Amino acid sequence: MTEVNAPYGLLAEVTHRCPLHCVYCSNPLELQAQQDELGTDEWLRVLDEAAALGVAQVHLSGGEPLARSDLEVMVARASQLGLYTNLITSGLGFTAARVQRLVAAGLNSVQLSVQGEDAEATATVAASLAFDKKRQAAELIREAGLPLNMNVVLHRLNLDRLDAIIDLCVEWGAERLELANTQYYGWALRNRQQLLPSRAQVIAAEEVYTRRRDELADRVELMWILPDYHEKFPKPCTGGWAKTGLTVAPDGMVYPCPVASEITSVEFSSVREHDLSWIWWQSPGFNAYRGTDWMPEPCHGCERREVDFGGCRCQAFALTGDAGRTDPVCTYAPDHGLVVAAVEEAERAEEDRESDVASLHYRRPSPRSAL
Amino acid sequence: MNVTELTERPRLASKAMLRHDEVRDAELLLLPERVVRLSDSSAAVLRLCDGARTVGELLGRLREDYPSSDLTDDVLGFLDDARQRGWVVVA
């Protein structure tokens with residue numbers, strides 16, 4: 001019997017509406033339209049149920065969460081419930097008045113994304129001219145006294161600029177910077193050929209990360225999210241399937257992680273039909289890959305089975321069509337050849353950059369954007 | 001060797017939130033992207049870091065609550081650590 005504990009974190013994806021068109025968008029291929037989004041009262045109920053379940057931290061995300069005019073109402077309720085609130089935003093839609101209202105409602109911290117160190121990088125990755133608005137957002141966040149955390153998704157087209165990206169985030173006043181190498185499922189898988197870096201790029205970037213981490217130790221905390229295609233072992237799911245946190249999608253469907261909606265072979269549940277407690281403890285979706293009983297070989301007999309938990313279920317499903325197989329990133333996986341082939345293909349010459357950019361698939365259309 | 005001095009007035013960093021979790025009956029320190037489960041004694045020290053009390057006063061208060069042992073080294077060591085981790089700031 002697998003021991004299950006209460007979750008610490010809730011990722012509330014309050015909308016899929018977004019002004020950006022990022023080529024590695026982590027939202028599902030099928031976006032939820034505005035009319036299918038949970039209403040204010042439904043989100044408040046989700047927050048109540050989450051607190052009762054043991055959730056201590058709420059990450060308000062999207063899409064762009066600022067697209068919802070009732071965000072302050074949600075923050076206020078979370079705050080009343082004693083939950084720590086973190087806003088994950090592109091920065092578009094931030095005004096001084098909005099920041100003030102969010103702070104008054106009890107917002108605890110903000111995570112701001114950038115796509116690269118300048119306007120050109122933002123345009124290339126997100127098909128957006130928003131770079132200056134992001135700079136303004138960073139200023140507003142700092143002026144409001146909120147801790148500024150930043151994140152950037154790394155890939156073939158910006159990995160060589162890592163030093164400059166880190167400089168930018170230091171200049172903007174980030175306390176913590178998440179350097180997230182692209183994870184290849186959903187929209188990013190469509191652009192894998194254009195985004196997957198060469199081994200030399202990864203090695204050089206890791207050196208930059210290590211050097212800057214030590215240099216900045218007292219000022220900025222750097223986090224390195226592994227480029228898993230270039231690793232020997234897979235990333236450990238989210239520390240194990242349905243173990244520490246849950247994600248509520250804009251339409252109320254609940255998943256163990258933000259990308260699990262792509263796993264069409266697993267039956268997931270909605271907060272419109274069940275309470276969060278039942279979904280966490282009892283639902284078939286959340287129990288599908290808990291513990292180690294479900295594991296195939298070579299995972300089940302592997303000494304790393306409780307280190308990486310067979311790797312990412314979403315990646316196994318995306319690459320093999322079976323979420324119950326070993327993550328193909330693992331050196332021991334029967335499907336490892338799929339990853340090896342992609343990595344070998346990425347060793348091609350750097351001169352292809354222009355054709356890589358020209359052939360990117362941008363995330364469009366945005367669902368009935370109200371921004 | 002501790003860096004924390006008895007005359008300093010530590011306070012919890014503004015990004016940090018300290019709370020008792022009734023579901024788990026545990027003391028939690030909540031930070032952006034992180035949850036730390038604290039021991040009861042660590043939580044007791046952090047609760048006294050209000051920016052007004054000096055470290056000396058904080059130790060005095062702890063001695064009243066825990067008279068049987070000398071906590072000075074442990075508390076100073078913990079405060080150094082908490083500062084380094086960014087949980088506590090000194091005004």
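Order of the sequence lines sets the chain letters (A, B, ...), proteins ahead of strands, with each chain counted from 1. Bear in mind the structure is a predicted one, so any value in this text is a computation, not a measurement.
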Exercise. Spell out the residues in residues 31-48 of chain B that have some non-hydrogen atom less than 4.5 Å away from a non-hydrogen atom of chain A, in order of number; otherwise answer 'none'.
Key: B:Leu31, B:Pro32, B:Glu33, B:Arg34, B:Val35, B:Arg37
Exercise. Look at A:Gly82, A:Ser109, A:Ala217 and state which one has the largest set of heavy-atom pairs under 4.5 Å with chain B.
Key: A:Gly82
Practice problem: Specify the closest pair of heavy atoms between B:Val23 and A:Leu53, including all atoms of both residues, with the distance to one decimal. | Solution: CG1-O, 3.9 Å
Exercise. Please list all pairs passing the salt bridge (Lys or Arg N to Asp or Glu O under 4.0 Å) test where one or both residues lie in residues 136-150 of chain A, with sequence neighbours left out.
Key: none
Exercise. Sort B:Leu28 into side chain, backbone, both or neither according to what part of it lies under 4.5 angstrom from a heavy atom of chain A.
Key: side chain
Quiz prompt | Over 12 foreign heavy atoms within 6.0 Å of CD, B:Glu22 | solution = no
Practice problem: With a 4.5 angstrom heavy-atom cut-off, could you sort out which part of A:Val55 is near chain B: side chain, backbone, both or neither? | Solution: backbone
Quiz item: Between A:Leu83 and B:Arg19, is any pair of side-chain heavy atoms under 4.5 Å apart?
Solution: yes
Practice problem: Please name the pair of heavy atoms, one in B:Lys15 and one in A:Tyr84, separated by the smallest distance, quoted to 0.1 Å. | Solution: O-OH, 2.5 Å
Quiz item: If you count the non-hydrogen atoms of other residues, nucleotides and ligands that lie under 6.0 Å from CD in A:Glu215, is the total more than 12?
Solution: yes
